[in-house]
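Written below as structure tokens is the structure these notes are about.
Since this is a predicted model, take the numbers as computed values, not measurements. To find a chain, count down the sequence lines: A is the first, B the second, and so on, and within it residues start at 1.
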2 protein chains.
Amino acid sequence: MDHAITPTGQHDHAHCVSSALAAAEARCTGTAKLTQSRRRVLEIVWESHRPVGAYDILDRMAKDGNPAKPPTVYRALNFLLEQGLVHRLESMNAFIGCGSTSVDGHAAQFLICRDCNMALELDDPTLRKALDQAARNSGFRVDRRVVELSGVCADCQKAA
Amino acid sequence: MDHAITPTGQHDHAHCVSSALAAAEARCTGTAKLTQSRRRVLEIVWESHRPVGAYDILDRMAKDGNPAKPPTVYRALNFLLEQGLVHRLESMNAFIGCGSTSVDGHAAQFLICRDCNMALELDDPTLRKALDQAARNSGFRVDRRVVELSGVCADCQKAA
DNA sequence: ATGACTCATGTTATAACATAACACAAGGCC
DNA sequence: GGCCTTGTGTTATGTTATAACATGAGTCAT
Ligand SMILES: [Zn+2]
Ligand SMILES: [Zn+2]
Ligand SMILES: [Zn+2]
Ligand SMILES: [Zn+2]
């Protein structure tokens with residue numbers, strides 16, 4: 001039994017969370033430690049497949065009895081970004097857990113549903129090649145790719 | 001004599017500005033008027049091929065004797081965005097004049113140089129198709145595309 | 001075990017980016 | 001004139017993110 005392609009609707013989300021946390025533990029064995037507060041932020045990010053704002057995380061922490069200040073959350077998020085455990089969605093000023101299984105350097109294109117607010121991470125090498133080729137045609141060397149497509153997901157199209 | 005492919009280095013930038021302004025005049029003939037303040041903001045955006053922040057525009061207006069408040073600038077920018085005369089670069093919270101000659105619905109992929117800060121607008125239909133196809137493979141219908149590739153432009157690579 | 005060092009955290013304040021809400025003015029139109 | 005739409009001015013506030021400095025917890029060599 002496999003994971004669904006889209007993380008909307010019915011799926012074993014506890015599995016998403018536990019595997020994400022396990023991957024984080026595995027990755028943070030060296031000097032970069034997954035501390036309490038970093039783990040807490042990562043858990044909150046993984047509470048859904050919807051991008052979550054830094055101040056949403058702050059609110060969440062206040063509610064569950066661990067109030068924090070902005071720098072605490074931004075530090076944790078920056079750490080998680082560096083480790084490749086979360087992504088930042090530039091078009092929303094929000095963060096989402098990295099759903100890629102590849103160790104690093106994945107492409108991270110996002111499909112963002114304007115109805116249900118879900119964000120699906122793609123890791124499409126063809127797309128990445130096409131982007132890099134387009135840049136190369138203009139002589140650009142690409143370091144960082146922001147690809148965020150907004151629209152309506154399959155589930156929401158059916159619902160409408 | 002044609003326009004250079006990259007708007008870096010030596011080129012007739014006065015031409016860029018005048019054609020952009022002329023295109024804006026042409027587009028804003030109906031109920032949507034290119035008023036004084038909108039035109040001023042558009043001129044400031046077009047002062048370079050570098051993305052410019054809303055508060056940079058405010059500073060610029062203060063310096064040249066037409067001080068303004070944030071809503072004034074954001075209103076003008078939103079108007080210009082609606083008319084397709086400028087684009088917003090989500091990854092930088094900044095704005096840039098639209099360099100596309102096509103009337104509307106262009107793809108607007110951006111190559112952003114981290115060294116010289118220039119942003120080059122592409123309008124690559126192949127890329128757009130690849131993006132839409134990737135989305136369609138996941139059942140997504142795409143309304144809006146944010147494609148911003150950061151790296152080093154050809155000129156800056158040569159300089160290094 | 002002490003001092004020096006590094007890494008993480010706490011805390012205060014502020015910077016940077018963006019909009020809500022309301023008042024008013026100019027122009028078209030009946 | 002009275003009405004409507006569009007644009008502008010102004011005040012205040014909301015939202016997102018970081019600077020700067022102090023404190024604490026662990027490691028390690030002397
Ligand atoms: Zn899940
Ligand atoms: Zn949806
Ligand atoms: Zn130019
Ligand atoms: Zn450059």
Side-chain angles (χ1 to χ4, degrees), chain A residues 24-25 27-45 50-62 64-83 85-96 112 117 146 148, chain B residues 24-25 27-45 50-62 65-83 85-96 112 117 119 146 148:
Chain A
E25 297 287 358
R27 180 159 315 182
C28 301
T29 48
T31 54
K33 295 236 167 46
L34 189 67
T35 61
Q36 185 93 19
S37 72
R38 290 165 176 175
R39 175 200 303 272
R40 185 71 195 110
V41 169
L42 185 59
E43 284 170 357
I44 290 169
V45 166
R50 285 186 268 281
V52 58
Y55 282 76
D56 296 335
I57 295 173
L58 280 163
D59 291 347
R60 187 74 184 72
M61 290 175 86
D64 66 33
N66 289 91
K69 307 268 171 58
T72 300
V73 166
Y74 280 101
R75 282 169 182 157
L77 287 169
N78 286 332
F79 172 85
L80 296 169
L81 286 168
E82 282 163 10
Q83 301 304 313
L85 296 169
V86 304
H87 294 287
R88 180 181 156 80
L89 296 184
E90 298 292 341
S91 62
M92 308 180 70
N93 294 336
F95 302 85
I96 190 166
I112 303 164
N117 206 32
V146 173
E148 299 173 16
Chain B
E25 296 289 357
R27 181 160 315 183
C28 301
T29 47
T31 54
K33 297 235 166 48
L34 190 68
T35 61
Q36 185 92 18
S37 71
R38 291 164 175 175
R39 174 198 306 271
R40 185 71 194 106
V41 168
L42 185 59
E43 285 169 357
I44 291 169
V45 166
R50 284 187 269 281
V52 60
Y55 281 75
D56 295 336
I57 295 172
L58 280 163
D59 291 348
R60 185 76 185 70
M61 290 174 87
N66 288 92
K69 306 268 169 61
T72 300
V73 166
Y74 280 102
R75 281 168 182 157
L77 286 170
N78 287 331
F79 172 85
L80 296 170
L81 285 168
E82 282 163 10
Q83 301 306 311
L85 296 169
V86 304
H87 293 286
R88 180 180 157 81
L89 295 184
E90 297 292 342
S91 61
M92 309 181 67
N93 295 335
F95 302 84
I96 191 166
I112 304 164
N117 206 31
V146 173
E148 300 174 15

message: Is any side-chain heavy atom of Leu80(A) closer than 4.5 Å to one of Val45(A)?
response: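 The answer is no; the side chains never approach within 4.5 Å.
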field: Within-4.5 Å side-chain heavy-atom neighbours: Leu77(A) and Ile57(A)
entry: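 When only atoms from C-beta onward are counted, Ile57(A) and Leu77(A) do touch, with a gap below 4.5 Å.
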Can you measure [X] atom [atom1] to [N] atom [atom2] for me and round it to whole angstrom units?
{"X": "Ile57(A)", "N": "dT15(D)", "atom1": "CD1", "atom2": "C1'", "value": "15 Å"}
{"X": "Met92(B)", "N": "dA16(C)", "atom1": "CE", "atom2": "C1'", "value": "14 Å"}
{"X": "Phe79(B)", "N": "dG7(D)", "atom1": "CZ", "atom2": "C1'", "value": "11 Å"}
{"X": "Glu82(B)", "N": "dG7(D)", "atom1": "CD", "atom2": "C1'", "value": "13 Å"}
{"X": "Gln36(A)", "N": "dA25(D)", "atom1": "CD", "atom2": "P", "value": "14 Å"}
{"X": "Glu90(B)", "N": "dA17(D)", "atom1": "CD", "atom2": "C1'", "value": "16 Å"}
{"X": "Met61(B)", "N": "dT8(D)", "atom1": "CE", "atom2": "C1'", "value": "12 Å"}
{"X": "Leu77(B)", "N": "dA18(C)", "atom1": "CG", "atom2": "C1'", "value": "11 Å"}

Determine: side-chain N/O of [X] to OP1/OP2 of [N], distance under 4.0 Å, yes or no.
{"X": "Lys33(A)", "N": "dC7(C)", "value": "no"}
{"X": "Ser37(B)", "N": "dT8(D)", "value": "yes"}
{"X": "Thr35(B)", "N": "dT8(D)", "value": "yes"}

message: With the stacking rule set at 5.5 Å and 30°, tell me whether Tyr55(B) counts as stacking on dC17(C).
response: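 So Tyr55(B) counts as stacking on the base.
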field: dT19(C) base stacked by Tyr74(B) (centroids within less than 5.5 Å, tilt under 30°)
entry: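 Taking the rule of under 5.5 Å and under 30°, the ring of Tyr74(B) does not stack on dT19(C).
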- prompt: If you count the non-hydrogen atoms of other residues, nucleotides and ligands that lie under 6.0 Å from CZ in Arg50(B), is the total more than 12?
  reply: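 Counting other residues, nucleotides and ligands, CZ of Arg50(B) stays at 12 neighbours or fewer.
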message: If you apply the rule side chain to side chain contact (heavy atoms under 4.5 Å, CB included), what do you find for Glu25(A) with Arg39(A), and how did you get there?
response: CA-CA 9 Å; Glu25(A) 297 287 358; Arg39(A) 175 200 303 272; 2.3 Å; yes
Position toward the 5' end of DNA chain C (nearest nucleotide), Lys69(A) or Phe95(B):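 The residue whose closest nucleotide sits nearer the 5' end is Lys69(A).
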task: Starting from the 5' end of DNA chain C, give me the residue, Arg75(B) or Asn93(B), whose nearest nucleotide shows up first.
output: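 By nearest-heavy-atom nucleotide position, the 5'-most residue is Asn93(B).
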message: Please compare Thr72(B) and Arg88(A) by the position of their nearest nucleotide in DNA chain D and report the one closer to 5'.
response: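 Checking each residue's closest nucleotide, the 5'-ward one belongs to Thr72(B).
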- prompt: Is it true that Asp64(A) and Arg60(A) make a salt bridge, defined as a side-chain N closer than 4.0 Å to a carboxylate O?
  reply: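 Arg60(A) and Asp64(A): salt-bridged.
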